[in-house]
Amino acid sequence: MAENVLTREETFALLKEYNSNEALIKHGLAVEAVMRYCGRKRGEDDEKWGVIGLIHDLDYEKYPEEHCKKTEQILRERGWPEEYVRAVISHGWGICSDVEPKSDLEKTLYAIDELTGLVTATALVRPSKSVLDMTAKSVKKKWKDKRFAAGVNREVIEKGAQMLGVDLGELITDAIEGMKEVAEQIGLGGQAV
Ligand SMILES: [Fe+2]
Ligand SMILES: [Fe+2]
């Protein structure tokens, strides 16, 4: 089959075809924005990084029991290149896939997936309910409170940062900066929420 990389808009349409849950769509948008930010920062193809981030949880609403595996199947059926499929499924390494993140792109996705959840939860308990005026300090404070956003796996984030060789504080700042670029779309723009 001919390889087929969807444009950003086609990818977003595909995500919406499989997901109606607004929180999942916002999660995809947040991960896309942070991937784009990190890709750009490294001088890489930020469009590719963004598209992979946007689609990474494609199957989660319809096939939570087959997470990663269904996405792999759907993307392969649509002729997505191996590099993209591999990167997408590597985010579930050790949880729902045995594909270990190897490239900087894959390691970044692995590290920031859970982190965007912690940034979102932290923003929502701030008076401004916004990421726009937020720094890594707020997230670090919440990091230590294990009952806060208890579903966020801090170990995965730490491991991802280690694999990347990036300081955790820097990674948190990158996540916040990336999410600022889509603050309105992900409901973290403050007043407009
Ligand atoms: Fe996932
Ligand atoms: Fe995710």
Side-chain angles (χ1 to χ4, degrees), residues 6 8 11-39 46 48-76 78 80 83-124 131 139 142-143 149-161 163-164 168 171-172 174-179 181-183 185-188:
L6 300 187
R8 193 271 168 193
T11 304
F12 193 38
L14 177 61
L15 179 68
K16 287 193 285 189
E17 186 186 321
Y18 279 86
N19 294 275
S20 56
N21 180 325
E22 216 185 307
L24 279 174
I25 305 268
K26 283 178 180 169
H27 172 64
L29 290 170
V31 171
E32 176 196 14
V34 178
M35 286 300 285
R36 237 174 231 285
Y37 182 89
C38 292
D46 62 339
K48 184 207 284 180
W49 284 51
V51 160
I52 289 168
L54 184 61
I55 210 69
H56 82 284
D57 276 337
L58 176 66
D59 60 10
Y60 199 71
E61 180 174 312
K62 286 196 175 21
Y63 311 98
E65 304 299 324
E66 296 166 90
H67 185 38
C68 293
K69 292 169 191 73
K70 265 287 173 189
T71 300
E72 178 177 9
Q73 187 189 328
I74 297 163
L75 296 184
R76 286 201 196 288
R78 287 170 183 252
W80 279 50
E83 184 193 0
Y84 284 65
V85 177
R86 191 191 191 281
V88 164
I89 57 182
S90 74
H91 90 267
W93 180 49
I95 300 162
C96 58
S97 109
D98 52 13
V99 177
E100 184 179 347
K102 295 272 192 215
S103 66
D104 284 349
L105 185 160
E106 292 171 349
K107 290 174 188 170
T108 303
L109 178 62
Y110 180 79
I112 61 106
D113 182 20
E114 293 280 308
L115 180 54
T116 59
L118 190 61
V119 171
T120 299
T122 305
L124 289 173
V131 284
V139 178
K142 294 295 184 190
W143 181 284
V152 172
N153 189 333
R154 276 98 163 143
E155 278 171 31
V156 165
I157 304 171
E158 270 168 356
K159 199 164 168 185
M163 282 160 49
L164 272 172
L168 185 60
L171 192 68
I172 295 171
D174 288 348
I176 294 170
E177 291 305 313
M179 287 168 73
E181 293 175 4
V182 291
Q185 291 102 295
I186 60 175
L188 299 177

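Each ligand, and each atom within it, is numbered from 1 in the order the structure gives.
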Between OH of Tyr63 and OG1 of Thr71, what distance do you get to the nearest 0.5 Å?
10.0 Å
Answer yes or no: is there a side-chain heavy-atom contact under 4.5 Å between Ile74 and Tyr18?
yes
Can you name the N/O/S atom of Asp113 that is nearest the Fe ion (ligand 2)?
OD1
Using the test side chain to side chain contact (heavy atoms under 4.5 Å, CB included), find all partners of Tyr60 that sit at least two apart in sequence or belong to another chain.
Leu24, Asp57, His67
Just wondering, do Arg36 and Trp49 contact through their side chains at under 4.5 Å, heavy atoms?
no
Of all N, O or S atoms in Asp57, identify the one at the shortest distance from the Fe ion (ligand 1).
OD1
Would you call Lys102-Glu100 a salt bridge at under 4.0 Å N-O?
yes
Taking the Fe ion (ligand 2) as the reference point, name the nearest N/O/S atom of His56.
NE2
Closer than 2.8 Å to the Fe ion (ligand 1), do we get an N, O or S atom from Cys68, backbone or side chain?
no
In His27, what N, O or S atom is nearest to the Fe ion (ligand 2), if we give its atom name?
NE2
Any N/O/S atom, side chain or main chain, of His91 closer to the Fe ion (ligand 2) than 2.8 Å?
no
